[in-house]
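We number each residue from 1, following the sequence as shown.
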Amino acid sequence: QVQLVESGGGLVQAGGSLRVSCAASGRTFSSYAMGWFRHAPGKEREFVAAISRSGGSTRYADAVKGRFTISRDNAKNTVYLQMNSLKPEDTAVYSCAARITPPGVVYESRYDYWGQGTQVTVSS
């Protein structure tokens, strides 16, 4: 089992940047593929980005492709989401998630473990 804690959210102006982090407990972080999701008021939770166990494979939602970058540091048990060129429509609670997977695989759904989330607000 793994516990996830997000940090780094906040208020930023449109066009700005923000990096959110997700720290995982446990010794087997490198066994988990990781994902970032977001949930805006009145909308369903949506996939944002995912990364494989080693970090060699990534996947992004079309809405963030070219602006967001997911990365991980297995030595620090942490996954990051660098968000650039932020737009007001990026405003949401951002949550990280984990699932055990084979090497090299990324997923957009069916994650097993979730963090509580961190609020990101982009003002226009």
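Minimum interatomic distance between Val93 and Gln116 (heavy atoms only, all atoms of both residues): CG1-O, 4.3 Å. In terms of heavy atoms, Pro88 sits closest to Ala14 at CD-CB, 4.1 Å. Shortest non-hydrogen contact noted between Ser95 and Gly117 is OG-CA, 3.5 Å. Listed here is the closest heavy atom pair of Ser17 and Ser85: OG-N, 4.4 Å. The two residues Tyr111 and Ala33 make their nearest non-hydrogen contact at CE2-O, 3.8 Å. Residue Glu6 comes nearest to Cys96 through the heavy atom pair OE2-N, 2.9 Å, listed as atom of the first residue, atom of the second, then distance.
In the hydrophobic cluster analysis, where Ile, Leu, Val, Met, Phe, Trp and Tyr join through side-chain heavy atoms closer than 4.5 angstrom, Val5 is grouped apart from Phe37.
Note that CG of Leu11 is 9.5 Å distant from CD of Gln119, once rounded to the nearest 0.5 Å. Note that the OG atom of Ser109 and the CZ atom of Arg99 stand 6.5 Å from one another [nearest 0.5 Å]. The structure places OG of Ser30 at 11.5 Å from CG of Asp73, a figure rounded to the nearest 0.5 Å. Atoms NZ and OG, on Lys87 and Ser124 in that order, are 14.0 Å from each other to the nearest 0.5 Å.
Connectivity analysis of hydrophobic side chains (ILVMFWY, heavy atoms under 4.5 Å, direct or indirect) links Val106 to nothing; its cluster partners are none. Within the hydrophobic cluster formed by Ile, Leu, Val, Met, Phe, Trp and Tyr side chains joined at under 4.5 Å, directly or through other members, Met34 is accompanied by Val2, Leu4, Val12, Leu18, Val20, Phe29, Tyr32, Trp36, Val48, Ile51, Tyr60, Val64, Phe68, Ile70, Val79, Leu81, Met83, Leu86, Tyr94, Ile100, Tyr113, Val120, Val122.
More than 12 heavy atoms of other residues, nucleotides or ligands sit less than 6.0 Å from atom CD of Gln82.
The list of salt bridge (Lys or Arg N to Asp or Glu O under 4.0 Å) pairs with a residue in residues 105-121, not counting sequence neighbours, reads Arg59-Glu108.
A donor-acceptor pair is defined here as one N or O able to donate and one able to accept, closer than 3.5 Å; such a pair exists between the side chain of Asn74 and the backbone of Arg53.
A salt bridge links Asp62 with Lys65: the closest approach of a Lys/Arg side-chain nitrogen to an acidic carboxylate oxygen falls below 4.0 angstrom.
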